[in-house]
Amino acid sequence: MLIVSDYDKVLFGKKGDKKMDIHDLTLDRGKTTTVHGKIYGLDYLIEEDDYFVKIFLDFHNKRLIVLDYRGPNIHRMSHKLDFLVKENNFDKVFIKAKLEDWEK
């Protein structure tokens, strides 16, 4: 049986140790998780009916980086990225846009 004080020792170590970082992450609407420990970033793939986007959630630098994307609905994809940036309190978004998408 694990009691609360034992749980604290598992998460935070012995007395005098620094406390472990705890991060709440949003991956999508209704999809959140909590990470215990140091986190720098997370690769995440979003696949919808009309687009796919591979992103790197850079928690250390508070930015979202689009690694790759495909699909006809760039507008819908941009709304999803905007949602993730706001929910995770990021400051920046980096997208290496394809030439054919500049006018969209």
- Item | Closest non-hydrogen atom pair between Tyr40 and Asp58, with its separation | O-OD1, 3.4 Å
- Message: For the backbone of Thr26 and the side chain of Asn88, can you confirm whether one donor and one acceptor N or O come within less than 3.5 Å of each other?
- Response: yes
- side chain to side chain contact (heavy atoms under 4.5 Å, CB included) between Val53 and Val66: does it pass, once the steps are laid out? CA-CA 7 Å; Val53 61; Val66 175; 3.8 Å; yes
- Note: Asn61 and Lys92 closest approach over all heavy atoms is O-NZ, 3.4 Å
- Task: Locate the shortest heavy-atom distance separating Tyr69 from Met77; write the atom from each residue and the value.
- Result: CB-SD, 3.6 Å
- Message: In this structure, would Leu57 and Ile39 fall into the same cluster of hydrophobic residues linked by side-chain contacts under 4.5 Å?
- Response: yes
- Grab the two heavy atoms, one from His36 and one from Ile22, that are nearest each other, plus how far apart they are. ND1-CG1, 3.6 Å
- Answer yes if Phe52 and Tyr44 sit in the same cluster of Ile, Leu, Val, Met, Phe, Trp and Tyr residues linked by side chain heavy atoms under 4.5 Å apart, and no otherwise. no
- Pairwise distance NZ(Lys62) to CG(Asp91) - rounded to 0.5 angstrom: 5.0 Å
- Note on the structure: Taken to the nearest 0.5 Å, the spacing of Asp68 CG from Lys96 NZ works out to 10.5 Å
- Message: Would you compute the distance between atom NZ of Lys38 and atom NE2 of His23 and round it to the nearest 0.5 angstrom?
- Response: 6.5 Å
- Would you kindly confirm whether Ile46 and Ile65 end up in one hydrophobic cluster when ILVMFWY residues are joined by side chain heavy atoms under 4.5 Å apart? no
- Return the minimal non-hydrogen interatomic distance between Leu42 and Phe59, and the atom names on each side. CB-CE1, 4.2 Å
- Rounded to the nearest 0.5 Å, how far does CD of Glu87 lie from CG of Asp24? 11.5 Å
- Item | Stacked cation flag Arg29 on Phe83, 6.0 angstrom / 45 deg | yes
- Query: Do Phe56 and Val93 belong to the same hydrophobic cluster, where Ile, Leu, Val, Met, Phe, Trp and Tyr are linked whenever their side-chain heavy atoms lie under 4.5 Å apart, directly or via other members?
  - Reply: no
- Which atom of Leu84 lies closest to which atom of Leu27, heavy atoms considered: CD2-O, 3.3 Å
- Message: For Lys80, is the NZ atom crowded, meaning more than 12 foreign heavy atoms sit under 6.0 Å from it?
- Response: yes
- Message: To the nearest 0.5 Å, what is the distance between OG1 on Thr32 and CG on Leu25?
- Response: 8.5 Å
